[in-house]
There are 2 protein chains.
Amino acid sequence: MTPLYQQIKNHIREHIGAGTWGPGQRVPSENELVRTLGASRMTVNRALREMTDEGILHRVAGVGTFVADRTAYAHPLEVRNIAEEIRARGHQHSAQVVTLETMRAGGELAGNFGVPPKTNLFHSLILHSENGVPLQIEDRYVNPAVAPDYMSIDFAKTTPYEYLVRVAPLQEAEHVLRAVMPGDSVRKLLGMAEGEPALLLLRRTWSNGVVTSTVRLYYPGSRYELAGRFNP
Amino acid sequence: MTPLYQQIKNHIREHIGAGTWGPGQRVPSENELVRTLGASRMTVNRALREMTDEGILHRVAGVGTFVADRTAYAHPLEVRNIAEEIRARGHQHSAQVVTLETMRAGGELAGNFGVPPKTNLFHSLILHSENGVPLQIEDRYVNPAVAPDYMSIDFAKTTPYEYLVRVAPLQEAEHVLRAVMPGDSVRKLLGMAEGEPALLLLRRTWSNGVVTSTVRLYYPGSRYELAGRFNP
DNA sequence: AAGTGGTCTAGACCACTGC
DNA sequence: CAGTGGTCTAGACCACTTT
């Protein structure tokens, strides 16, 4: 049985996802939700408070609760799944597989993986969108020794992340973050204007001491930001 | 007046900080805290639940609440000192104070700090260089209530970071990372070419539940990257 | 059986905003 | 003024673990 406050959170997420309650718009007040949902105010309050902490809602005492404008929002210290992130905002995730191939590693790539040059690697390039708007390019190389079935997965339904954490428990990760001017192909895929910068996140993950995957994630600078709150 | 659940969180943090309750050790149960602190169980529960969400505590129903083992919290967005970072590379750090002033908070700034509009704030803009090459612009606002001596510090010798951690122990931090096109003044100070993107890191830090400082850090995209390795 | 955390309710008082 | 969110209380029932 899912807790009531979780059901309320899901209920609100669905409304946001369906567009009934759009960004900047007002969400029913606590008392209204108490009446319509039949829960107590403390329970409604918890649901709304948690969604505010998650950055999905925005509250002003004395005024009301609103859907946050900030659409793209992620926690940089976690290795997150883009699909989950989008669904948590109540939006629709879709993925378009641009490239899926087996190739031989060049010198630099082989060095990153710690395998001999000319070893076979899997390569995928996937465009992830939120409500149909491109949000991330995932340019990934995968170690076949760790994930032999990689080429037979339908990445329109399952993200590489979801598949990889299943076959290779995440053990260690390395991140590099840069601001770059995207190349033409990246720019066009993401639907970015010329002269608009991109956020580039390089990530390398290990499982059992072996490099599982390296990935280059491109985000449009105007539509995405990495954010997080933590205790040092 | 700080909310009771915040006071309880601070109380627990102090015990953890002082080493009374070390990693892996058991924290008093909800009922015990209700008795010793005189708060209701819901309030104690909220404090413990939030600290669990923050990764500070670890709870097991039917067993107890424990201080989390923290080894997994090094990540690319640590709050670090630019001067230390440069010195760690064996290079020379220098700082040039561009602006140092007292000003009145506008609406948005006041909102970020959680103070009434027109409250006095300190403002500093400092250019940090590595071996004479500009690397970071630090555009910072500081809460005078927390750091009253801020205006009398020589920031060519001591970084604001070093001063602030001394007067206000860092408790919580919020980060936002963006790729942006810098404005002309930022671009010129950093000696960047036109059309070159910048990495913008916004940070807000808390001490004892009060916002100590907000800062906008600009880095030239071509000369800087954020990197880190951690175990999830 | 006793203790733990997980959840939920039905009240309450407060400071604040809008009219 | 009525409405909003922010907080707090004193109960309650539950599933679970430990003794």
Side-chain angles (χ1 to χ4, degrees), chain A residues 1-12 15-16 21 24-69 229, chain B residues 1-12 16 21 24-68 105 107-108 110-119 172 206 208-211:
Chain A
M1 188 54 185
T2 21
L4 187 48
Y5 74 90
Q6 273 293 353
Q7 295 180 38
I8 295 175
K9 288 173 71 172
N10 288 335
H11 175 259
I12 295 170
H15 269 91
I16 296 175
W21 304 335
Q25 281 180 32
R26 197 167 167 285
V27 159
S29 76
E30 295 191 351
N31 283 320
E32 284 172 312
L33 289 171
V34 164
R35 283 195 297 274
T36 59
L37 302 180
S40 81
R41 202 191 139 202
M42 276 298 281
T43 305
V44 170
N45 177 272
R46 175 168 175 184
L48 294 177
R49 182 159 37 78
E50 289 192 0
M51 294 184 76
T52 304
D53 291 341
E54 292 162 14
I56 298 169
L57 297 179
H58 175 250
R59 318 195 77 186
V60 182
V63 183
T65 302
F66 307 86
V67 179
D69 305 314
R229 188 166 168 157
Chain B
M1 186 56 185
T2 20
L4 187 48
Y5 73 91
Q6 272 293 352
Q7 295 179 36
I8 296 175
K9 289 173 72 172
N10 287 336
H11 175 258
I12 296 170
I16 295 176
W21 304 335
Q25 283 180 29
R26 197 167 167 286
V27 159
S29 75
E30 295 191 352
N31 283 320
E32 283 173 310
L33 288 171
V34 163
R35 283 196 296 275
T36 59
L37 303 180
S40 81
R41 204 191 136 203
M42 276 299 282
T43 304
V44 170
N45 177 273
R46 175 167 175 185
L48 295 177
R49 181 158 39 78
E50 289 192 359
M51 293 184 77
T52 304
D53 291 342
E54 291 162 13
I56 298 171
L57 298 179
H58 175 252
R59 317 194 78 186
V60 183
V63 183
T65 302
F66 307 86
V67 178
E108 191 184 338
N112 285 340
F113 272 90
V115 299
K118 298 189 182 171
T119 303
E172 194 168 4
W206 281 260
N208 299 321
V210 176
V211 175

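Atom set for the values below is all heavy atoms of this structure, side chains included, hydrogens, waters and symmetry mates excluded. So that the names make sense, note that chain A is the first sequence line, chain B the second, and so on, each numbered from 1.
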Before giving the answer on side chain to side chain contact (heavy atoms under 4.5 Å, CB included), spell out for A:F66 and A:R59 the whole-Å C-alpha distance, their side-chain angles and the decisive distance to 0.1 Å. CA-CA 6 Å; A:F66 307 86; A:R59 318 195 77 186; over 6 Å; no

Tell me every residue that passes ring pair (Phe, Tyr, Trp, His ring centres under 6.0 Å) with A:H15, counting only those two or more places apart in sequence or in another chain. A:H11, A:W21

Is there side-chain contact between A:I12 and A:I56, with at least one heavy-atom pair below 4.5 Å? no

Can you give the dot-bracket line for DNA chain D, using ( ) for pairs inside the strand, [ ] for pairs that cross earlier ones, | for pairs with another strand and . for unpaired bases, where Watson-Crick and G-U count if both distances are under 3.5 Å? |.||||||||||||||||.

Can you check whether A:A39's main-chain N or O pairs, donor with acceptor, with A:T43's side chain at less than 3.5 Å? no

When you check the gap from the basic side-chain N to the acidic O, do A:E30 and A:R35 get nearer than 4.0 Å? no

Out of the candidates B:T65, B:L57, B:V27, B:I8, only one should pair with B:M51 under the side-chain contact (heavy atoms from CB on, under 4.5 Å) rule; please name it. B:L57

Does the protein touch nucleotides 1-10 of chain C at the base, only the backbone, or not at all? Give it as B, S and - per nucleotide, heavy atoms under 4.0 Å. --BBBBBBBB

Is there a donor-acceptor contact under 3.5 Å from the side chain of A:E32 to the main chain of A:S29? yes

